Protein chains: 2
Amino acid sequence: MVLKNQHKLSRRERQIMDVLYRRGKATAAEVHAAIPDPPSYSAVRAMLRVLEEKGHIRHEAQDLRYIFIPVVPREKARRSAVRHLLETFFEGSPEQAVATLLDVSRDLSPEELDRLAALIEKARKEGR
Amino acid sequence: MVLKNQHKLSRRERQIMDVLYRRGKATAAEVHAAIPDPPSYSAVRAMLRVLEEKGHIRHEAQDLRYIFIPVVPREKARRSAVRHLLETFFEGSPEQAVATLLDVSRDLSPEELDRLAALIEKARKEGR
DNA sequence: CGGTTAGTGCTAGTTTTTTAGCATGGTGCT
DNA sequence: AGCACCATGCTAAAAAACTAGCACTAACCG
């Protein structure tokens, strides 16, 4: 799908997609409220319509208002985003990425670190 | 700096910044070659000039050609990118991010997994 | 030297993106 | 009913992004 290529969305389009992925779904008003220093409400709606025409999002009618939802499921979009991040900033290296991730995720609790360690142990057992 | 906000770059600007971060630095010709289905060489140069005017990149003259370099160091830019990724796709959860990272990084060797485990151990010791 | 290649500075035209307003419909309240 | 508020569909204009070409310089090679 279109999100497979990281450079198909314009500035505002991408900003809106990010809001939708962060929230999972949203009304036009919620998107408008989530954008820092936003344009007018009708400008946001117009962009949502553009995104829908391009096939990036769809809407469901609910109580006389539209709920906008990304077409590419979050699970898939984030995998694509992670791959792009690795390639762009980390030379494909998961180790460097994890190091940075630990660095920006300050104050991880022992429990959280345990869970991270368990993930790696699981990966080890699965032979990957 | 400008990369602190993830939505300040247009589609092509961001594409070019990604190339520069991936390579660390590049000539206009290298940027041109690194872009899939690129516009003309002169169009790429024009965009580089725009990026420089906006302060995102700078250039150094080397052997009669320009080497373009991001103004925000890679270390800083990637931290910002990681934070944005966590927030957009992982609800701020490093655990989910690591799980996906392990998922997309197929065929990690035991050595690589050891190194990842060591990173977590180190984080544990540093109390963070 | 002249021709070719590779580079830069600059510009303007074209295309795309972005924006906001108008018209309309639905709902709730007085 | 009328009004206010909230929503949508649609449009066109403004702004931004994008593009490629021209003029020029420098270096290299025959």
Side-chain angles (χ1 to χ4, degrees), chain A residues 1-21 23-71, chain B residues 1-21 23-71:
Chain A
M1 195 27 167
V2 286
L3 265 189
K4 181 176 269 188
N5 185 329
Q6 294 290 328
H7 298 115
K8 288 286 192 176
L9 298 175
S10 70
R11 185 183 76 86
R12 188 68 85 188
E13 286 172 343
R14 182 164 171 262
Q15 187 179 36
I16 288 169
M17 290 306 300
D18 281 358
V19 170
L20 291 176
Y21 276 119
R23 305 179 65 107
K25 59 189 178 183
T27 62
E30 285 167 343
V31 172
H32 183 242
I35 294 178
D37 198 29
S40 68
Y41 174 64
S42 69
V44 171
R45 285 188 301 106
M47 292 305 309
L48 285 164
R49 190 161 31 245
V50 168
L51 281 166
E52 184 157 4
E53 280 161 13
K54 289 185 179 181
H56 298 302
I57 63 176
R58 60 186 172 91
H59 74 258
E60 290 171 359
Q62 182 193 76
D63 298 330
L64 296 177
R65 76 186 53 179
Y66 286 4
I67 306 289
F68 293 97
I69 302 157
V71 166
Chain B
M1 193 30 168
V2 286
L3 265 190
K4 180 176 272 187
N5 186 329
Q6 295 288 329
H7 297 114
K8 287 284 190 179
L9 298 176
S10 72
R11 184 183 77 85
R12 186 72 84 189
E13 287 172 343
R14 182 163 171 264
Q15 187 179 36
I16 289 170
M17 289 308 298
D18 281 357
V19 169
L20 291 177
Y21 276 119
R23 305 179 65 107
K25 59 189 176 181
T27 62
E30 286 167 342
V31 172
H32 183 243
I35 293 180
D37 197 28
S40 67
Y41 174 66
S42 71
V44 170
R45 286 189 302 107
M47 293 305 307
L48 284 165
R49 190 161 32 243
V50 169
L51 281 167
E52 183 156 5
E53 281 162 13
K54 289 186 176 180
H56 299 302
I57 64 176
R58 61 187 172 88
H59 75 257
E60 290 170 359
Q62 182 192 79
D63 297 332
L64 295 177
R65 76 186 55 178
Y66 285 4
I67 304 289
F68 293 97
I69 302 156
V71 166

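Sequence lines set the chain letters: A, B, ... in the order given, protein chains first and strands last, and positions in each chain run from 1. The structure presented is a predicted model; accordingly, all values stated were derived computationally and were not measured.
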- request: Quick one: label A:Ser10 by what it contacts on the DNA or RNA (base, sugar-phosphate, nothing), any heavy atom closer than 4.0 Å.
  value: sugar-phosphate
- prompt: Got a salt bridge between A:Glu13 and A:Lys54, using NZ or NE/NH1/NH2 to carboxylate O under 4.0 Å?
  reply: yes
- prompt: What's the NE2-C1' distance between A:His7 and C:dT16, to the nearest Å?
  reply: 18 Å
task: Look at the side chain of A:Arg49 and decide which nucleotide, out of D:dT11, C:dT19, D:dA20, has an atom nearest to it.
output: D:dT11
Interatomic distance, B:Ile67 atom CD1 to B:Ile57 atom CD1 [nearest 0.5 angstrom]: 11.5 Å
task: Classify the ring geometry between B:Tyr66 and B:His59 as parallel (under 30°), tilted (30 to 60°) or perpendicular (over 60°).
output: parallel
- line: Ranking C:dA20, C:dT11, C:dG7 by distance to the side chain of B:Ala46, first place goes to C:dT11
query: Looking only at side-chain N and O atoms, does A:Arg12 come under 4.0 Å of OP1 or OP2 in C:dT17?
result: no
task: Using heavy atoms to find the nearest nucleotide of DNA chain D for B:Ser40 and A:Arg11 separately, return the residue whose nucleotide is more 5′.
output: A:Arg11
query: Between A:Arg11 (side chain) and B:Leu9 (backbone), is there a donor-acceptor pair under 3.5 Å?
result: no
- prompt: Which one, C:dT18, C:dG26, D:dT19, comes nearest to the side chain of A:Leu64?
  reply: C:dG26
query: Between C:dT18 atom C1' and A:Gln15 atom CD, what is the distance in whole Å?
result: 12 Å
message: Just the rounded figure in Å: distance from P of D:dC18 to CG of B:Leu9.
response: 10 Å
task: For the side chain of A:Met47, starting at C-beta, report the closest nucleotide among C:dG7, C:dT19, D:dA17.
output: C:dT19
field: A:Tyr41 vs D:dC6: side-chain N/O to OP1/OP2 distance below 4.0 Å
entry: no
message: What is the separation between atom CG on B:Asp63 and atom C1' on D:dC28, rounded to the nearest whole Å?
response: 14 Å
task: Looking at every strand, decide which applies to B:Arg45 at a 4.0 Å heavy-atom threshold: base, sugar-phosphate, or nothing.
output: base
- request: May I ask you to test the B:Val71-B:His56 pair for a side-chain heavy-atom distance under 4.5 Å?
  value: no
- request: Tell me which nucleotide among D:dC18, D:dA20, D:dA7 gets nearest to the side chain of B:Ala43.
  value: D:dA20
message: For a quick check of understanding: with a heavy-atom distance under 4.0 Å over all strands, which category does B:Tyr66 fall into, base, sugar-phosphate or nothing?
response: sugar-phosphate
- prompt: Could you state the CG-C1' distance from B:Leu48 to D:dA17, rounded to the nearest angstrom?
  reply: 15 Å
field: Atom pair distance, as rounded to whole Å: NZ in A:Lys8 and P in C:dT17
entry: 11 Å
- request: Could you tell me how the ring of A:Tyr41 sits relative to the ring of A:His32: parallel (under 30°), tilted (30 to 60°) or perpendicular (over 60°)?
  value: perpendicular
statement: The nucleotide from D:dT19, D:dA17, C:dT19 with an atom nearest the side chain of B:Lys54 is D:dA17
- request: Would you mind reading off the distance between A:Glu52 atom CD and C:dT17 atom C1', rounded to a whole angstrom?
  value: 18 Å
query: Which nucleotide in the set D:dC18, C:dA20, C:dG7 lies at the smallest distance from any side-chain heavy atom of B:Ala29?
result: C:dG7
query: Relative to the 5' end of DNA chain C, which residue comes earlier, A:Val44 or B:Phe68, by the nucleotide with the nearest heavy atom?
result: B:Phe68
